[in-house]
Amino acid sequence: MSDNDIKKIILPYSIGVRELAEKMDASPIQVIKVLMANGVMASINQNVDFDTAAVVASELGFEPELLQIEEETPEEKGEIPLWRRVIADEKEEDLQARPPVVTMLGHVDHGKTSLLDAIRKTNVAGGEEGGITQHIGAYQIEHNGRKITFLDTPGHAAFTSMRARGAQGADIVVLVVAADDGVMPQTREAANHAKAARVPIVVALNKMDLPSANPEMAKKQLAEIDLVPDEWDGDTIIVPVSATKMQGLDDLMEAILLVADNKEIKANPKGEVFGTVVEAELDKFRGTMATLLLQNGTIEVGDTILAGKAHGRIKAMFDFRGKPIKKAGPSTPIAVMGLNDVPRAGDIFRVVESEKEARAIVEDIEANEEQQSFAPRATLEDLFERLQAGEEQELRLIVKADVQGSLEPIVNSLKELGEKQSEVSMNVLHQETGNITESDVMLAAASDAIVIGFAVDADNAAKRLAETEGVSVRLYTIIYRLIEDVEKALKGMLEPELVERTVGSAKVLAIFAVSRFKVAAGCRVIDGEIRRNGKIRVIRNKNVVFEGEIGSLKRGKDDVREVREGFECGIALKQFHEFEEGDLLECFVIEEQSR
C-alpha cells in the first residue's frame, strides 16, 4: 500500500466499536475480528480506548491521530442550556453580556414572595415607585448600573416545567431559606431541582431579623445537602437577608452578579431570535397574552413568532411595567398580543418569516406526533435497549417512602448497588417521605428519571401528570423487591461480558495435503468436543502459535458440526497451514454472559 492510499482518521480517547467501524466505512464484524486477533474481546456496543482503536485503524489502512479536546464539562456532555447552544453558532465579536435571569425557589412560607416584592419595590429599573402597574410574571431591576431579570414565578414546579420542555428558564437559582426554620422538605426538593438542571445556586438566608434566627444551624443543614457555604471552604454563596426589614438586598444582588460573571452569560442582539414562554393566558378583552423571556436576538412589533404550536404576528408588545414598547433585546421580559392560541409555560419561541411558514412547521410537528406512538420516557424494562443504543449511561431515580426509617435504608442500598459497578452510574435525584406528588413527576419528566415509591401512593394529580408526560412510577410494599428490580435494571443496563469458554482439545497425529486448504491436520479429540463454529488455538511446546477460525471439520469424507472425545477427525484452519505432529489444538467459543 502506498502512502497515498493511507487515510488519516481522527479518533477520540474512547470510541464505540460500531462508531469506529462507521468512521472507517468498514463492517463492525471486520473490526471485531481485528480486535480479537490482537487479543481484545469487544462487542459491537463496547467502547475501546484510543491505543486499541489505533491498532485496528492501522491494520485497516488508516493513519490514526488523537482528537485534541479540552476536558468536557457537565454542560458539554448534554446538559447545555439552550442559550449556550444557540450562541455557539454566533460570532464571538457579536456577543454581548446580557442580564442574568434569576428565579427563586424554596420552602413554603420561607419568604420567596416577600423577597421578590422587597427587591421589586427597592430597585425597579426606571425607578418606578409603588410597585408594578401590571404584573406579567417577570421584571428587571438595576444594581450599580447593571440589570438583573427576575422570573416572578416562585415554585420549583414552574421552574422545572420549563426544563421539561427543553428550556433553561433561569441562569441562576436563588434558594430562599428561613434562618429560623433551616432546611425543610421543600428546600431539599428545590435544591435537587436546581442541581438536576445544573443551574448555580445562591442561598438567600431570609428572616435574619427574627430573634429565633439561627444562621449557623441553617448553614450546617445546607452543608448536609451539598450546599457548603463559601466561608466553610465550599462553593455556595450564602447571603443573610431580611425581606421585611429590606436588609442584605444589595449583597444578594452583588452575589448574583458575581455568579453571572463567572458564567459569562452572553447573547447576540442581532442574532437568531429565540426565548422561553414564562406564562400565557386568554384575556377576554385582548385575546392571548403571553409573557416571553427573550434570550437572544431582538424582537419587534410586527414579527411573526412560533411558540410551541401557537403562532401569530405580534400586534402589541409591553415591558414588565405594562408600558407599550416597539422592540426588546436579550434577557428582556415582555408581554405580547397576537398569538392564535395559548402556549405552555416553558415552550421555546422563535421568530419565523411568515404565518404561512409557522403553520407549515406546526403541521409537521402534529404529523410527527401522530406517527409516534406514546411511550414512557424511561422504564426499568427499556433502559437496557437505550444503553445499547448509546442513549443512557445513568439510572436516575426519585425515591419516596412512608417514613424516614424506610427511606434511609432504601437509598443506602440503592447507592451501594451503584458503587458495585462503575459503567452505569446511579443518581438519586431526590429522596423524601410522603406520597408521590406532581412535583416529583415533573422532576422525573425533566430529568428522564424513574419514580419509585415504597409504602406510599401517588396522588391523582401526580398520576395524571405521569400519564401525560410518560413518566414511569413504580410502587412497592416489600423493600427487597424494590432493590431486586433496580439491581436487575442495573445488570441489564450493563453490557454482557464476552467470556471465552474452552469446549475441547485435540492432538495432531498426521498432516495431509488437500487441494482446498493446502494442508489439514488428522487429529484425535482427547477432551470435550471440537465444534465447527468454534475457534482453534494451536499450541506447540506450551506456546500459542496461532489462533483463528476453522475452515473445515470432517469425519472421514463427511463435513460435520462437531466431533466428540475419543473420535478422529480432519481439521483445516482458514489462515494457518504449518501444522506439526504433536500440536495441541484447543477449541473455544466466545459467549455473552450477563453480569
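Position 1 is the first residue of the sequence; numbering continues from there.
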Compare every heavy atom of [Y] with every heavy atom of [X], then report the nearest pair and how far apart it is.
X      : Y      : value
Asn296 : Gly271 : ND2-C, 3.9 Å
Ile256 : Ile172 : O-CD1, 3.5 Å
Ser212 : Asp180 : OG-CB, 3.4 Å
Ala444 : Val471 : CB-CG1, 3.6 Å
Ala170 : Thr103 : CB-CG2, 3.7 Å
Gly182 : Gln221 : CA-OE1, 3.2 Å

Not counting sequence neighbours, which residues clear side-chain hydrogen bond (donor to acceptor under 3.5 Å, both in side chains) with [X]? List them please.
X      : value
Thr236 : none
Arg146 : Asp261
Lys207 : none
Asp181 : His110

Calculate, to the nearest 0.5 Å, the distance between atoms [atom1] and [atom2] belonging to [X] and [Y] respectively.
X      : Y      : atom1 : atom2 : answer
Ile305 : Leu292 : CD1   : CG    : 5.0 Å
Asn340 : His311 : CG    : NE2   : 4.0 Å
Leu395 : Leu397 : CG    : CG    : 4.0 Å
Leu249 : Ile119 : CG    : CD1   : 6.0 Å
Asn206 : Gln247 : CG    : CD    : 10.5 Å
Glu469 : Asp448 : CD    : CG    : 11.0 Å

Would a 4.5 Å heavy-atom cut-off, applied to side chains only, mark [X] and [Y] as touching?
X      : Y      : answer
Asp303 : Arg313 : no
Ile450 : Arg396 : no
Leu465 : Met442 : yes
Val241 : Leu205 : no

With sequence neighbours excluded, tell me which residues meet side chain to side chain contact (heavy atoms under 4.5 Å, CB included) with [X].
X      : answer
Ala316 : Phe318, Met337
Ile436 : Lys400, Asp440, Val441, Val451, Val456, Ala458, Ala462, Val473, Leu475
Ala461 : Glu438, Asp459, Arg464

side-chain contact (heavy atoms from CB on, under 4.5 Å) partner of Lys309, the single match among Asp341, Ile361, Asp347, Val362: Val362
Val199 and Ile201: CA distance, side-chain angles, deciding distance, side chain to side chain contact (heavy atoms under 4.5 Å, CB included) verdict: CA-CA 6 Å; Val199 178; Ile201 298 172; over 6 Å; no
Val239 backbone acceptor or donor facing Asp251 side chain under 3.5 Å: no
Tyr139 side chain to Leu116 backbone, donor-acceptor under 3.5 Å: yes
Heavy-atom neighbours of Asp235 CG exceed 12 at 6.0 Å: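 No, CG of Asp235 has 12 or fewer neighbouring heavy atoms, counting only those of other groups under 6.0 Å.
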Under 3.5 Å, sequence neighbours excluded: what are the donor-acceptor pairs made by side chains of residues 427-435?
residue : atom : partner : partner atom : Å
His430  : ND1  : Asn192  : ND2          : 2.8
His430  : NE2  : Glu189  : OE2          : 3.2
Asn435  : OD1  : Asp457  : N            : 3.0

Residues Thr244 and Asp209: side-chain donor-acceptor under 3.5 angstrom: yes
Intermediate values then yes/no, side chain to side chain contact (heavy atoms under 4.5 Å, CB included), Leu105 and Thr187: CA-CA 8 Å; Leu105 306 180; Thr187 315; over 6 Å; no
Only distances under 3.5 Å count here; give the side-chain donor-acceptor pairs of residues 327-336 to other protein atoms, sequence neighbours excluded, each with its distance to 0.1 Å.
residue : atom : partner : partner atom : Å
Ser331  : OG   : Arg98   : NH1          : 2.9
Ser331  : OG   : Pro99   : O            : 2.5
Thr332  : OG1  : Gly329  : O            : 2.7

Residue pair Leu151, Leu293: steps toward the side chain to side chain contact (heavy atoms under 4.5 Å, CB included) verdict: CA-CA 9 Å; Leu151 291 183; Leu293 177 65; 4.1 Å; yes
CA sep, side-chain torsions, deciding dist, call: Leu294, Phe349, side chain to side chain contact (heavy atoms under 4.5 Å, CB included): CA-CA 9 Å; Leu294 189 64; Phe349 78 86; 3.8 Å; yes
Solution key, residues 223-232 side-chain donor-acceptor pairs under 3.5 Å, sequence neighbours excluded:
residue : atom : partner : partner atom : Å
Glu224  : OE2  : Lys220  : NZ           : 3.0
Glu231  : OE1  : Lys219  : NZ           : 3.1
Glu231  : OE2  : Lys219  : NZ           : 3.1

Qualifying salt bridge (Lys or Arg N to Asp or Glu O under 4.0 Å) pairs with a residue from residues 351-361, counting only residues at least two apart or across chains: none
